[in-house]
Amino acid sequence: MTARALMIQGTGSDVGKSLIVAGLARLYARRGLRVRPFKPQNMSNNAAVTADGGEIGRAQALQARAAGVAPSVHMNPVLLKPQSEIGSQVVVQGRMVGTARAREYQDWKPRLLAAVVESFGRLRAESDLVLVEGAGSASEVNLRRGDIANMGFARATGTPVILLGDIDRGGVIASLVGTKAVIDPEDAAMVRGFLVNRFRGDPALFADGMELIAARTGWEALGLIPHFPDAARLPAEDVLGLRGAERPGGKVVAVPVLPRIANFDDLDPLRAEPGVSVVLVEPGRPIPAAADLVLLPGSKTTIPDLAFLRAQGWDVDILAHRRRGGRVLGLCGGYQMLGTSLSDPHGIEGPPGTVAGLGLLDVATVLTPEKRLAAARGVSLPDETPFTGYEMHVGETAGPDAARPLVRLADGRPDGAVSADGLVCGTYVHGLFADEGQRALWLSRLGAAPGPEAYEAVIERVLDRLADHLAAHVDADRLLALAG
């Protein structure tokens with residue numbers, strides 16, 4: 001029997017679609033259903049590596065975890081990784097197929113629909129329920145031609161739609177009623193009902209609002225979902241989700257916010273530690289002199305982001321921090337920035353050429369066309385503390401400081417580099433801080449102790465609480481009945 005499917009579309013970006021799909025995935029999986037998450041098209045530089053060596057959006061990896069299954073490239077068959085304001089790398093079924101400017105990508109969409117439908121079919125064949133997440137806003141009628149992310153997908157596959165609005169940002173009545181007003185009538189006919197997310201206060205005060213939306217749209221009201229504070233403890237898909245979560249006191253980890261920051265979920269386990277304050281250094285602000293660690297995160301475009309870092313004067317701040325005896329850690333692109341030079345002979349990130357690095361590690365990087373995507377495990381050096389993580393990078397880095405690698409992978413390969421005094425280091429391995437042993441090791445280097453809860457246990461507990469939250473405020477039986 002073909003699995004049922006239900007699609008959650010939103011009235012806009014960041015209305016909570018990813019979170020609702022994750023919560024529903026855990027809710028229905030606990031009922032014994034074989035659930036699979038699916039997002040036809042995602043745009044994010046926060047990606048996860050799948051077991052078969054592909055990459056998908058980090059949100060779909062979290063949703064897979066909520067459903068109790070391993071991530072698959074078919075859960076997010078089209079992933080756009082922005083490289084500039086108008087262009088993105090295009091990843092199809094886990095593999096990079098090229099780059100496209102926004103206008104060019106519109107012409108790609110009809111060709112990509114076949115891959116999207118194929119991946120969706122694979123998931124339906126192995127599950128009881130596929131929960132589909134839309135992208136951006138369902139009302140972007142200017143992008144409707146060739147659409148594969150919202151109504152274009154729903155119509156092509158006959159998947160019923162639930163529309164999600166966010167009351168916390170204001171104007172939820174207008175956004176839901178307005179969506180009905182502007183979309184094509186045949187698209188509107190795909191919508192079976194609506195949900196209102198992030199309500200604060202007395203639900204009775206919005207009862208008339210729910211009735212008004214239902215009357216104006218003809219769509220069924222399926223739930224008013226109160227704000228879920230613990231959502232901040234789950235990995236964020238967009239760097240915007242990290243902002244406003246700084247904790248006063250504790251050891252300060254300063255992170256410059258680069259334009260193309262990537263895989264920033266590396267920061268989540270540190271943010272969860274009670275003895276650590278992760279300070280996101282926004283453009284125009286200096287890196288705080290009180291920082292105990294400056295962490296340079298991953299980047300989708302290392303050379304342009306390095307130029308941006310210099311334009312902010314952060315290179316001066318980092319060098320001053322280093323002179324004061326402060327620690328510096330570079331992850332992936334951040335590791336590449338710490339070296340003496342970065343070369344892009346193939347023009348991967350722009351015009352071919354070579355630029356000077358920060359010079360804090362005696363290594364040099366050459367960007368290469370091949371991307372390494374793989375799960376990683378091994379031990380850190382010289383303490384031999386085990387770790388698990390993943391690799392996702394282009395480029396090869398070598399030099400004298402690489403003779404002191406930060407880690408040794410299970411296949412015997414060394415990775416990373418450490419300065420002679422041990423205060424500056426870098427690695428291509430992502431996910432180190434999610435590993436309990438590695439996080440404790442790094443906290444000890446900063447003079448801090450880990451909190452009482454294991455990070456992975458916190459994520460599982462929050463997903464269970466999210467499922468309970470939705471079960472209390474959404475008509476889960478009715479949603480399941482509406483799935484097609």
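In this structure, Leu360 CG and Leu296 CG are separated by 8.5 Å, a value rounded to the nearest 0.5 Å. Distance check, rounded to the nearest 0.5 Å: CG of Leu479 to CD1 of Ile20 gives 10.0 Å. The OG1 atom of Thr11 sits 10.5 Å away from atom CD of Glu140, with the distance rounded to the nearest 0.5 Å. The CE atom of Met75 lies 14.0 Å from the CG atom of Asn42; values are rounded to the nearest 0.5 Å. Taken from CG in Leu79 to CZ in Arg95, the straight-line distance is 13.0 Å, to the nearest 0.5 Å. One distance of note links OH of Tyr28 with CG of Leu33; it measures 8.5 Å at 0.5 Å rounding.
Between Arg271 and Asp268 there is a salt bridge, since a side-chain N of the basic residue sits under 4.0 Å from a carboxylate O of the acidic one. Between Asp435 and Arg377 there is no salt bridge, since no side-chain N of the basic residue sits under 4.0 Å from a carboxylate O of the acidic one. Remark: Arg260 does not engage Asp305 in a salt bridge, criterion side-chain N to carboxylate O under 4.0 Å. Salt-bridge annotation for Glu460 and Arg26: present, with a side-chain N of the basic residue lying under 4.0 Å from a carboxylate O of the acidic one. Ion pairing between a basic and an acidic side chain is recognised when a charged N comes within 4.0 Å of a carboxylate O; Lys17 and Glu133 show no such pairing. Asp317 and Arg285 are not joined by a salt bridge, as no carboxylate oxygen comes within less than 4.0 angstrom of a charged side-chain nitrogen.
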Salt bridge (charged side-chain N to carboxylate O under 4.0 Å, His left out) evaluation trace for Arg404 with Asp401: CA-CA 6 Å; Arg404 289 181 295 273; Asp401 281 351; 2.5 Å; yes

Residue pair Leu381, Val418: steps toward the side-chain contact (heavy atoms from CB on, under 4.5 Å) verdict: CA-CA 10 Å; Leu381 301 172; Val418 180; over 6 Å; no

Verdict with supporting geometry, Ser44 and Asn46, side chain to side chain donor-acceptor pair (under 3.5 Å): CA-CA 5 Å; Ser44 177; Asn46 207 25; 5.4 Å; no

Verdict with supporting geometry, Val255 and Phe264, side-chain contact (heavy atoms from CB on, under 4.5 Å): CA-CA 10 Å; Val255 183; Phe264 44 83; over 6 Å; no

Step-by-step side-chain contact (heavy atoms from CB on, under 4.5 Å) determination, Val172 to Asn197: CA-CA 9 Å; Val172 73; Asn197 196 22; over 6 Å; no

Leu367 and His346: CA distance, side-chain angles, deciding distance, side-chain contact (heavy atoms from CB on, under 4.5 Å) verdict: CA-CA 8 Å; Leu367 299 183; His346 304 283; over 6 Å; no

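Nearest heavy atom pair, residue Pro269 against residue Phe433, reads CB-O, 3.2 Å. Summarising the geometry of Ala364 relative to Thr340, their closest heavy-atom pair is CB-OG1, 4.1 Å, with the distance given to 0.1 Å.
Looking at heavy atoms from C-beta onward, Val78 lies in side-chain contact with Tyr105 at the 4.5 angstrom threshold. Using a 4.5 Å heavy-atom cutoff, the side chains of Arg465 and Phe228 are in contact. Residues Val253 and Leu446 have side chains in contact (heavy-atom distance under 4.5 Å, counting atoms from C-beta outward). Between Gln63 and Lys39, the closest side-chain pair of non-hydrogen atoms is not below 4.5 Å. Considering only heavy atoms from C-beta on, Val366 comes within 4.5 Å of Pro345 through its side chain. The shortest distance between side-chain heavy atoms of Met337 and Leu258 falls below 4.5 Å. By the 4.5 Å heavy-atom criterion applied to side chains, Arg34 and Asp128 are counted as neighbours. Side-chain contact between Leu293 and Lys251 is absent, with no heavy-atom pair separated by less than 4.5 Å.
By the 30° and 60° cut-offs, the orientation of the rings of Phe206 relative to Phe199 is tilted. Taking the six-membered ring for Trp and thresholds of 30 and 60 degrees, Trp314 and Phe308 have ring planes more than 60 degrees apart, a perpendicular arrangement.
Relative to the ring axis of Trp442, Arg439 does not place its NZ or CZ within 45° and under 6.0 Å from the centre.
A donor atom on one side chain and an acceptor atom on the other are found under 3.5 Å apart for Thr50 and Asp52.
Within a 6.0 Å radius of CD in Glu456, other residues, nucleotides and ligands contribute more than 12 heavy atoms.
Between the side chain of Asp230 and the backbone N or O of Leu466 there is no donor-acceptor pair closer than 3.5 Å.
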